[in-house]
J.: 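Have a look at this one before I ask anything.
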Amino acid sequence: MQELIDKIKQYGMVLPHDVLKVDAFLNHQVDPQLMKHVGEEFAKRFAGNSIDHVWTVESSGIAPALMTSLALDVPMIFARKHQSLTLKHDMYTAKAYSYTKQTTNNISISKKYVTPGEHVLLIDDFMANGQAVNGMLEIAKQAGVHVVGIGIVIEKSFQPGGKKLREQGLRVESLAKIKSLADGKVSFVEE
Ligand code: 5GP
């Protein structure tokens, strides 16, 4: 998605440990027009699928997931990382190691908003090692829901998450694929 690639080129900053900082338009300040186009692009790519819910993990997945759910006209659920007093019981829970924070979180989705057998689309802001998506896949398995695919805004293709998921037969659509962040330079996978 050229508009996204242009934003990464303009604002992306390479941090140590192969982290790309995109606080200018995705992870802190959020560009609503760009997010609208991201949502429309995911809706277009998964147009052939029946989708009942969009799932993501708080907090950086929420903006792209919400715009995708708007474009698909279905509700969005964000998995919570912290146990909420009002959402204590009847939760599906899985562990997800956070790449950027280097901590393990429990992520949870309330059983109240999940119907066994339904079709869900998973959305996240970044794909690195695939831990966040794996947490959502674990919840989907517990809940007996069918995952139609995974939409990632920025995939770091030099890290193994995307490849592993595709090898499992899952459809992963990424709107920008990063080939390398070596020497502080962002280079993209040519498509
Ligand atoms: P994974 O679970 O695939 O290892 O990592 C995905 C999660 O870690 C994303 O939800 C994102 O929040 C965070 N993350 C991983 N790599 C990066 C990165 O290079 N930049 C930013 N901003 N977040 C990242």
Side-chain angles (χ1 to χ4, degrees), residues 1 3-31 34-35 38-39 42 54-69 76-82 92-109 120-141 147 149-189:
M1 186 181 166
E3 183 186 357
L4 173 65
I5 290 171
D6 292 343
K7 286 274 178 189
I8 296 170
K9 285 182 178 163
Q10 191 176 357
Y11 296 110
M13 283 167 55
V14 180
L15 301 185
H17 310 293
D18 283 329
V19 171
L20 177 66
K21 186 172 158 113
V22 287
D23 279 21
F25 61 88
L26 179 59
N27 291 143
H28 190 41
Q29 175 172 253
V30 178
D31 180 331
L34 176 68
M35 286 308 114
V38 160
F42 282 135
V54 173
W55 286 7
T56 190
V57 178
E58 68 175 347
S59 56
S60 292
I62 293 176
L66 180 65
M67 298 318 278
T68 306
S69 72
M76 182 274 281
I77 300 177
F78 61 89
R80 318 254 329 208
K81 285 181 182 159
H82 306 283
Y92 294 111
T93 299
K95 286 204 185 314
Y97 176 79
S98 162
Y99 182 86
T100 44
K101 301 199 177 75
Q102 305 197 337
T103 53
T104 300
N105 291 306
N106 278 321
I107 60 167
S108 310
I109 288 182
V120 301
L121 172 64
L122 310 183
I123 297 286
D124 207 6
D125 59 335
F126 268 87
M127 170 83 76
N129 295 315
Q131 301 277 344
V133 167
N134 275 326
M136 287 193 278
L137 287 172
E138 168 58 31
I139 291 179
K141 201 167 128 192
V147 174
I150 298 152
I152 299 294
V153 182
I154 302 174
E155 176 176 349
K156 294 189 289 185
S157 298
F158 59 92
Q159 292 176 329
K163 186 166 176 273
K164 282 191 197 155
L165 292 165
R166 290 183 183 99
E167 280 170 1
Q168 290 171 42
L170 289 155
R171 180 170 170 208
V172 183
E173 290 286 336
S174 303
L175 304 188
K177 289 186 182 158
I178 309 278
K179 187 165 75 181
S180 160
L181 295 174
D183 303 322
K185 255 189 57 199
V186 185
S187 54
F188 295 88
V189 174

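Only this structure's heavy atoms are used, side chains among them; waters, hydrogens and symmetry mates stay out. Ligands are counted one by one from 1 in listed order, and the atoms in each one are counted from 1 as well.
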J.: Ignoring angles and geometry beyond distance, decide whether Ala128 reaches within less than 3.5 Å of ligand 1 through its nitrogen or oxygen atoms.
T.: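 Yes: some nitrogen or oxygen of Ala128 is under 3.5 Å from one in ligand 1.
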J.: Which atoms of ligand 1 have any heavy atom of Met127 under 4.0 Å away?
T.: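 That gives atoms 3 (O) of ligand 1.
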J.: Run the numbers for me: atoms of ligand 1, each under 4.0 Å from some heavy atom of Asp124, listed by number.
T.: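 Once the distances to Asp124 are compared, the set is 9 (C), 10 (O).
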J.: Mind checking whether Ser60 contacts ligand 1 via backbone (N, CA, C, O), side chain (CB onward), both or neither, at a 4.0 Å heavy-atom cut-off?
T.: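 It is neither part, as no heavy atom is under 4.0 Å.
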J.: How far is atom 7 (C) of ligand 1 from its nearest protein heavy atom, and which residue and atom is that?
T.: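 Protein heavy atom at minimum distance: Phe126 O, 4.2 Å.
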J.: Quick test: of every protein heavy atom, which one is nearest to atom 20 (N) of ligand 1, and how far off is it to 0.1 Å?
T.: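 Heavy-atom neighbour on the protein nearest atom 20 (N) of ligand 1: Leu20 O, 2.7 Å.
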J.: With heavy atoms of Ala132 as the reference, note each atom of ligand 1 found under 4.0 Å away.
T.: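 Atoms satisfying the 4.0 Å criterion: 2 (O).
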J.: For ligand 1, is there an atom lying under 4.0 Å from some heavy atom of Leu15?
T.: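 Leu15 does not count as a contact of ligand 1 under the 4.0 Å cut-off.
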J.: Is there side-chain contact between Phe42 and Met67, with heavy atoms separated by less than 4.5 Å?
T.: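 No, side chains not in contact.
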J.: Is there a donor-acceptor contact under 3.5 Å from the side chain of Ser180 to the main chain of Ser187?
T.: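 Looks like no, no N/O pair under 3.5 Å.
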J.: Could you say whether the N/O atoms of Gly130 and ligand 1 ever approach to under 3.5 Å?
T.: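 By distance alone, the answer is yes.
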J.: Identify the heavy atoms of Leu4 and Ala176 that sit nearest to each other, and give their distance.
T.: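 For Leu4 and Ala176, the tightest heavy-atom pair comes out as CD2-CB, 3.6 Å.
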J.: At what distance is the nearest protein heavy atom to atom 24 (C) of ligand 1, and which residue and atom is it?
T.: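 Looking at atom 24 (C) of ligand 1, the protein heavy atom closest to it is Thr100 CG2, 3.4 Å.
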J.: Check contact between Lys21 and ligand 1, using heavy atoms of the residue and a distance below 4.0 angstrom.
T.: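 Heavy atoms of Lys21 never come under 4.0 Å of ligand 1.
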J.: For ligand 1, which atoms, with element, lie under 4.0 Å from some heavy atom of Gln131?
T.: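 Answer for ligand 1: 1 (P), 2 (O), 3 (O), 4 (O).
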J.: Of all the heavy-atom pairs spanning Gln159 and Asn129, show the shortest one and how long it is.
T.: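 In terms of heavy atoms, the two residues are closest at CB-OD1, 4.2 Å.
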J.: Any salt bridge between Lys21 and Asp23, counting N to O under 4.0 Å?
T.: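 Yes, charged N to carboxylate O under 4.0 Å.
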J.: Nearest 0.5 Å please: distance from the CZ atom of Arg171 over to the CZ atom of Arg166.
T.: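 One finds 11.0 Å between CZ of Arg171 and CZ of Arg166.
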J.: Is Lys156 reaching over with its side chain to a backbone N or O of Asp18, donor-acceptor style, under 3.5 angstrom?
T.: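 Here the side-chain-to-backbone pair exists.
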J.: Show, in sequence, the C-alpha distance, side-chain angles and deciding distance for Asn105 and Val57, and conclude whether the side chain to side chain contact (heavy atoms under 4.5 Å, CB included) test is met.
T.: CA-CA 11 Å; Asn105 291 306; Val57 178; over 6 Å; no
J.: For atom 8 (O) of ligand 1, which protein heavy atom lies nearest, and how many Å away is it?
T.: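 Nearest protein contact, heavy atoms only, for atom 8 (O) of ligand 1 is Tyr99 CB, 3.8 Å.
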J.: Side chain or backbone of Asn129 under 4.0 Å from ligand 1, or both, or neither, by non-hydrogen atoms?
T.: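 Both parts.
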J.: Provide, to 0.1 Å, the distance between atom 17 (C) of ligand 1 and the closest protein heavy atom, together with that atom's residue and name.
T.: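 Answer, as residue, atom name and distance: Lys156 NZ, 3.5 Å.
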J.: In terms of residue, atom name and distance, what is the protein heavy atom nearest to atom 11 (C) of ligand 1?
T.: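 Looking at atom 11 (C) of ligand 1, the protein heavy atom closest to it is Asp125 OD1, 3.5 Å.
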J.: I'd like to know whether CZ of Phe158 has more than 12 heavy-atom contacts from other residues, nucleotides or ligands below 6.0 angstrom.
T.: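 Above 12, so yes.
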J.: If you look at every heavy atom in Ile139 and Ala94, which pair is closest and at what distance?
T.: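 Minimum heavy-atom contact is CG1-CB, 3.8 Å.
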J.: Is a side-chain donor or acceptor of Gln29 paired with a backbone partner of Ala24 at a separation under 3.5 angstrom?
T.: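 At least one qualifying donor-acceptor pair exists.
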J.: Looking at ligand 1, would Gly161 count as a contact under a 4.0 Å heavy-atom criterion?
T.: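 Judged by the 4.0 Å heavy-atom criterion, Gly161 does not count as contacting ligand 1.
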J.: For ligand 1, which atoms, with element, lie under 4.0 Å from some heavy atom of Asp18?
T.: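 Atoms satisfying the 4.0 Å criterion: 19 (O).
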J.: Suppose I only count heavy atoms of Asn27 and a 4.0 Å limit; which atoms of ligand 1 are within that range?
T.: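 Under 4.0 Å from Asn27, ligand 1 has these atoms: 21 (C), 22 (N).
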J.: State whether the side chain of Glu58 and the backbone N or O of Lys81 hold a donor-acceptor pair below 3.5 Å, judged by distance alone.
T.: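 Judged by distance alone, yes, a pair lies under 3.5 Å.
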